[in-house]
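These notes concern the structure reproduced below.
Lettering follows sequence order; numbering is per chain, from 1.
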Protein chains: 2
Amino acid sequence: MPSLTICYNGLTFEQLFNYNLNMENVDLDTVNKVKPKMPDTTLLYELSDFFKLMGDSTRIQLLWALEENEMCVGELALLLNMTKSAVSHQLKTLRSAKLVKAQKRGKNVFYALSDHHVRTVLEMALEHVAE
Amino acid sequence: MPSLTICYNGLTFEQLFNYNLNMENVDLDTVNKVKPKMPDTTLLYELSDFFKLMGDSTRIQLLWALEENEMCVGELALLLNMTKSAVSHQLKTLRSAKLVKAQKRGKNVFYALSDHHVRTVLEMALEHVAE
DNA sequence: ATTATAGTTGAACAACTGTTCAACTGTCAA
DNA sequence: TTGACAGTTGAACAGTTGTTCAACTATAAT
């Protein structure tokens with residue numbers, strides 16, 4: 001069976017359909033009105049990176065715990081029932097996002113919240129989750 | 001070279017080390033004091049699921065846009081310069097989390113924020129990101 | 001009735017992420 | 001100086017996630 005394929009710019013019909021090259025029923029005014037209000041790329045990624053950071057149960061537990069008390073890695077591992085390695089990896093992530101700070105005392109490394117803004121964000125989310 | 005491996009409960013030394021079976025230098029009092037304050041599993045996952053949901057730049061853009069105006073899928077796709085398919089998939093995610101609601105009008109499906117709590121959470125995060 | 005547009009869907013794919021594993025560094029005590 | 005513990009690290013692995021692709025349904029217009 002011979003088949004005939006017509007393309008535009010190397011794209012098949014399907015691909016042309018999937019891209020928004022054939023839309024009639026959209027209100028361009030609305031789109032153009034909203035467009036300038038959209039966040040710029042930098043802000044957008046800062047926002048989503050922040051939420052991604054909070055979007056892990058282990059990291060939430062760590063932040064939650066450190067809100068109560070500064071603790072060393074071993075204590076946190078015991079509290080969360082995880083290996084020190086796993087905890088250490090996550091603390092590194094939180095540290096590089098400046099959410100926690102580390103301080104070495106003797107053989108131990110004690111972690112604490114960098115600032116208490118985290119509490120506010122958590123409380124806000126709690127409110128939302130509570131419906 | 002003959003090697004001697006001694007195990008406990010089928011675990012090697014390495015594994016015993018990695019698990020917290022040999023910790024001396026932790027303050028058990030601290031751990032026991034904090035433990036009852038930790039969130040229960042359900043709340044923990046509700047929180048992290050909520051943050052996960054917000055932790056994607058496409059979804060943030062969708063919510064941000066819908067805060068300005070209700071819009072149909074095609075308009076959102078045009079605004080974000082994405083395929084309708086990709087947008088539809090993400091809207092489905094947001095809808096099943098009850099963050100947006102859909103309403104079919106003619107050939108179009110219009111999406112709007114379910115409640116304006118989202119704005120509060122976004123503003124809170126903006127504040128944090130702004131340092 | 002036929003055709004075109006709007007949107008949805010599931011499978012496939014690639015990219016990302018969290019934990020484990022094993023080996024390592026640094027500090028204290030004997 | 002040796003041994004034990006505290007913590008870190010990078011590679012590997014498995015599980016998850018977002019987009020694409022292709023096919024589908026539904027509505028409107030001719």
Euclidean distance, atom CG of residue A:Asn81 to atom P of C:dG18 [Å, nearest integer]: 19 Å

Which residues share a side chain to side chain contact (heavy atoms under 4.5 Å, CB included) with B:Asn25, sequence neighbours left out: A:Lys107, A:Asn108

Nucleic acid contacts - residues 43-59 of chain B versus DNA chain C, non-hydrogen atoms under 4.0 Å: none

For residues 69-79 of chain A, tabulate all N or O donor-acceptor pairs below 3.5 Å that involve a side-chain atom, not counting sequence neighbours.
from    : atom 1 : to       : atom 2 : distance (Å)
A:Glu70 : OE2    : A:Arg105 : NH2    : 2.7
A:Glu75 : OE1    : A:Cys72  : N      : 3.0
A:Glu75 : OE2    : B:Asp27  : N      : 2.8

Atom pair distance, as rounded to whole Å: CG in B:Leu62 and C1' in C:dG7: 14 Å

Closest to the B:Gln90 side chain, choosing from C:dT20, C:dG18, D:dG18: D:dG18

Contacts of A:Thr120 that satisfy side chain to side chain contact (heavy atoms under 4.5 Å, CB included) - sequence neighbours left out: A:His117, B:Met124

Side chain to side chain contact (heavy atoms under 4.5 Å, CB included) partners of A:Arg119, counting only residues at least two apart: A:Glu67, A:Glu123

Sequence neighbours excluded - side chain to side chain donor-acceptor pair (under 3.5 Å) pairs with any residue from residues 46-62 of chain B: B:Arg59-B:Gln90

Rounded interatomic separation in angstrom, taking CE from A:Met82 and C1' from C:dC21: 14 Å

For a quick test of your reading: what N or O donor-acceptor pairs under 3.5 Å do the side chains of residues 33-45 of chain A make, sequence neighbours left out?
from    : atom 1 : to      : atom 2 : distance (Å)
A:Asp40 : OD1    : A:Thr42 : N      : 3.0
A:Asp40 : OD1    : A:Leu43 : N      : 3.1

Protein-nucleotides 6-8 of chain D N/O pairs under 3.5 Å:
from  : atom 1 : to       : atom 2 : distance (Å)
D:dA6 : OP1    : B:Glu24  : N      : 3.1
D:dA6 : OP1    : B:Asn25  : N      : 2.9
D:dA6 : OP2    : B:Asn22  : O      : 3.0
D:dA6 : O3'    : A:Asn108 : ND2    : 3.2
D:dG7 : OP1    : A:Val73  : N      : 3.3
D:dG7 : OP1    : A:Asn108 : ND2    : 3.2
D:dG7 : OP1    : A:Val109 : N      : 3.3
D:dG7 : OP2    : A:Gly74  : N      : 2.7
D:dT8 : OP1    : A:Tyr111 : OH     : 2.7
D:dT8 : OP2    : A:Ser88  : OG     : 2.7
D:dT8 : O5'    : A:Ser88  : OG     : 3.4

Nearest-Å distance for atom pair CG/C1', residues B:Leu80 and D:dG18: 14 Å

A:Ile60 vs B:Phe51 side-chain heavy atoms within contact, under 4.5 Å: yes

Pairs involving residues 73-116 of chain A, ordered by first then second residue, that meet ring pair (Phe, Tyr, Trp, His ring centres under 6.0 Å) (sequence neighbours left out): none

